[in-house]
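Here's the structure, in structure tokens; my notes come after.
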Amino acid sequence: MTVHNSEIATIFDKVADLLEIEGANAFRVRAYRKAALAIGTMPQCLADMVEEGADLSELPTIGHDLADKIAEITRTGHLHLLDEIERRTPGDLAELMDLPGLGPKRVHALQEMLGITGIDDLLRAARTGELKKLPGFGPKLQEQILHTLTARGGADRRLRLRIAEEIARDLVRHMKTAPGVGHVIVAGSFRRRRETVGDLDILVTSAQPMQAVDRFKAHEDIAEVVSKGATRSTARLRSGLQVDLRVVPEESYGAALQYFTGSKAHNIATRRIAQAAGLKVNEYGVFRGNRQIAGATEEDVYSALGLPWIPPELREDRGEIEAAAKGRLPNLVTREDVRGDLHVHTTASDGTASIQEMAQAAKALGYEYIAITEHSRRVTVAHGLDEKRLARQIDEIDRLNDALEGITVLKGVEVDILEDGTLDLADSILKRLDLVLGAVHTSFGLARTQQTDRILRAMDNPYFTILAHPTGRLIGRREPLLLDMERLMAGALERGVVLEVNGQPDRLDLTDIHARMAKEIGVRLALTTDAHRQSDLDFMIGAVDQARRGWMEPAGVVNTRPLHALRRLLSR
DNA sequence: GCCGTTTTCGGCCCGACTGTTTTCAGTCG
């Protein structure tokens, strides 16, 4: 069996937690954390690399020691070091670290003084009042822990970006009406356009910070103000979402925006550059000694460090700083570059609007073309089309194109890839189409080699043009297919097949990481919405976000091309 | 434990807020 990167990351995170509780060297702890973070978002499968004899110590944050430990984990499924530490520390102390107010020092004290080894012990100690007597603890903390443990459940789940967007819009509107407020912007992972966000970070500029903080806590959705100071406040919404407010003076706007946008890893990397240049960066500006030399805009901040402005989507410490220093930042694809949508359903299968209605909606967005791509017969719940019905739709689209002005409707299909890798419709009908999307909707549970082979076999069909939602994952609901993504992409490149970045808020498939991989391998992408109604065409922004986070440029995306060029690219 | 236009040894991001403190440690982002 293959050990996944995420499992290695989990092991390293646990080692970090337990070492920290034991009071180990803080930088050693940090090394495990950094490695876990990096491994969790690496596109390459580490287990495969070990198998191939690659030198893992060349990877960032991985040295010789951790490379050996990764090899050990992929070969045995275990890490001797972790087993050892767990023998020393009974129970599950690491899970206590997740509770707000508890860090390594206090968890250590809990074990040392009260013999607490897990959540149950902790709850008991809080109820009996033993907890508040410990040095470093008190009645407030005991109360908070009790509250967290009894009111637990689901509140710490990350929110999909599209949902967060609705909440954020409302909060921003609320803060804009506060007296004396200048900028109001949502920073954090929201601004970096991550697929989910754990909290909202709202940055406000004002000369009267207290007024802004007061205005914030008056918002009707706020259930509880967790902390509140002169320049920052943390609150929990009724939905459970945490919101952090930060108020800075106008002259610090750029520095605060940079700081608050993160990511943490990106910020640490930028501060190290500053340090090396004898400068200091904090949320108020860039400083030489006590003198502020930048801070009003993000451009100034980066420029003071000798760097061009870096788009937020890239700020994950995945090579963007090195690229910026060399003047090699990508020219990221934008929503305006997209000239049409290539994955759209209508009432013929499970959509709610007609072909003409979808075409008109696309035209209103300024598109040049739109592809109609219904499900095939196998997907019975979605009313999938067989050859006969698809032939009728082809004729209907031909007639419609004669009548339509200013937009072209392309003839397509989202044909099912059957378990043996054949397609759900005959070649005789596929060859009459402008494009053929292939997609997996069944047999999600195949083993990795089998699943990869199945899709590659489907791509062998000469009419297959785009692999739709390649991993099949649904955020928070369905795990991605087990796939050897490198082999799949190499196969797609060989066959001239395009991979989709599906913008449905719960799909976002390919992910940012795989989009980046596609770019490096040279596979082209199609940004689509999988729209089932007119308003779904707005999901394009989700696909663009993922592509941007994957460093994609317009040239790597097929539907940034005008119609004639697109047709050329799609004909294999 | 990682890493290197100061270095293979000696560094390792930085500040706000809380609670328990009597001047600050711990946690958090």
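Note that these values count all heavy atoms, side chains included, but never hydrogens, waters or copies made by symmetry. Every chain is numbered from 1 and lettered A, B, ... according to where its sequence line falls, protein lines coming before strand lines.
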Inset, instruction - Establish, with yes or no, whether the OP1 or OP2 oxygen of dG15(B) is under 4.0 angstrom from a side-chain nitrogen or oxygen of K280(A). - result: yes

Legend entry - Spacing between K264(A) atom NZ and dG15(B) atom P, to the nearest angstrom: 15 Å

Inset, instruction - Please tell me which of the listed nucleotides, dC12(B), dC28(B), dC17(B), lies nearest to the side chain of R272(A)? - result: dC12(B)

Legend entry - Sidechain N-carboxylate O distance under 4.0 Å for D201(A), R246(A): no

Legend entry - SB check R473(A) D509(A) (cutoff 4.0 Å): no

Inset, instruction - Give every residue pair that meets the salt bridge (Lys or Arg N to Asp or Glu O under 4.0 Å) criterion with at least one member in residues 22-47 of chain A, sequence neighbours excluded. - result: D17(A)-R33(A), E20(A)-R33(A), E22(A)-R88(A)

Legend entry - H266(A) NE2 to dC14(B) P, straight-line distance once rounded to whole Å: 15 Å

Inset, instruction - Calculate the interatomic distance between E283(A) atom CD and dA16(B) atom P; express it in whole Å. - result: 6 Å

Legend entry - Nearest to side-chain heavy atoms of D201(A), which nucleotide of dC2(B), dG29(B), dC28(B): dG29(B)

Inset, instruction - Check every atom of dC17(B), dC2(B), dC12(B) against the side chain of R30(A) and return the nucleotide holding the closest atom. - result: dC12(B)

Legend entry - Nearest-angstrom distance, C1' atom, dC13(B) to dG29(B): 12 Å

Inset, instruction - Encode nucleotides 20-25 of chain B as B, S and - characters from 5' to 3', where the letter depends on protein heavy atoms closer than 4.0 Å: B to the base, S only to sugar-phosphate, - to neither. - result: S-----

Inset, instruction - Establish, with yes or no, whether the OP1 or OP2 oxygen of dC13(B) is under 4.0 angstrom from a side-chain nitrogen or oxygen of R271(A). - result: no

What donor-acceptor contacts under 3.5 angstrom involve side-chain atoms of residues 116-124 of chain A, with partners at least two apart or in another chain?
unit_1	atom_1	unit_2	atom_2	d
T117(A)	OG1	D121(A)	OD2	3.0
D121(A)	OD1	R124(A)	NH1	3.4
D121(A)	OD2	T117(A)	N	2.9

Legend entry - DNA chain B: 5'-proximal contact among K69(A) and R246(A) (nearest heavy atom): K69(A)

Inset, instruction - Verify the contact: side-chain N or O of S57(A) to OP1 or OP2 of dG1(B), cut-off strictly under 4.0 Å; return yes or no. - result: no

Legend entry - R516(A) vs R318(A) side-chain heavy atoms within contact, under 4.5 Å: yes

Legend entry - Interatomic distance, I70(A) CD1 vs dG1(B) P [rounded to whole Å]: 13 Å

Legend entry - Sugar-phosphate, base or nothing in reach of V29(A), heavy atoms under 4.0 Å: nothing

Legend entry - Nearest to side-chain heavy atoms of Y32(A), which nucleotide of dT27(B), dG1(B), dG15(B): dG1(B)

Inset, instruction - Rounded to the nearest angstrom, tell me the gap between atom CD1 in I145(A) and atom P in dT27(B). - result: 10 Å

Legend entry - Side chain of S227(A) - closest among dC17(B), dC28(B), dC13(B): dC17(B)

Legend entry - Whole angstrom value for the distance that separates P of dC17(B) from CD of Q242(A): 14 Å

Inset, instruction - Please give the nucleotide sitting opposite dG19(B) as a Watson-Crick or G-U wobble pair, both distances under 3.5 Å, or none. - result: dC24(B)

Legend entry - d(CG, L102(A); P, dG19(B)) in whole Å: 14 Å

Inset, instruction - Scan for salt bridge (Lys or Arg N to Asp or Glu O under 4.0 Å) pairs involving residues 288-302 of chain A, sequence neighbours excluded, and state none if there are none. - result: R191(A)-E298(A), E298(A)-R315(A)

Inset, instruction - Rounded to whole angstrom, note down the P distance from dC12(B) over to dT22(B). - result: 31 Å

Inset, instruction - Could you please name the option among dT18(B), dG29(B), dC2(B) that lies closest to any side-chain atom of Y259(A)? - result: dG29(B)

Legend entry - Any donor-acceptor N or O pair under 3.5 Å, side chains S189(A), R194(A): no

Legend entry - Interatomic distance at C1', dG11(B) relative to dC17(B), whole Å: 29 Å

Polar pairs (N or O, both sides) under 3.5 Å between protein and nucleotides 5-7 of chain B?
none

Inset, instruction - Go through the side-chain N and O atoms of H147(A) and Q144(A) and say whether any donor and acceptor fall under 3.5 Å apart. - result: no

Legend entry - NZ/NE/NH1/NH2 to OD/OE distance under 4.0 Å, R87(A) and E84(A): yes

Legend entry - N267(A) side chain near dC13(B) phosphate (N/O to OP1/OP2, under 4.0 Å): no

Inset, instruction - Take atom C1' in dG15(B) and the same atom in dG10(B), then report the distance between them in whole Å. - result: 25 Å

Legend entry - Ionic contact status for E165(A) with R160(A), cut-off 4.0 Å: no

Inset, instruction - Output every pair passing ring-ring contact (aromatic ring centres under 6.0 Å, His included) with a member in residues 216-255 of chain A, not counting sequence neighbours, ordered by first then second residue. - result: H174(A)-H219(A), H183(A)-Y253(A)

Inset, instruction - Could you give the distance separating dC9(B) and dC14(B) at their P atoms, to the nearest angstrom? - result: 25 Å

Inset, instruction - Using atom CG of L305(A) as one end and atom C1' of dC14(B) as the other, report the distance to the nearest whole Å. - result: 14 Å

Legend entry - DNA chain B: 5'-proximal contact among D244(A) and N25(A) (nearest heavy atom): N25(A)

Inset, instruction - Using the C1' atom as the reference point in each nucleotide, state the distance between dT21(B) and dA25(B) in Å, no decimals. - result: 9 Å

Legend entry - Ionic contact status for D545(A) with R548(A), cut-off 4.0 Å: no

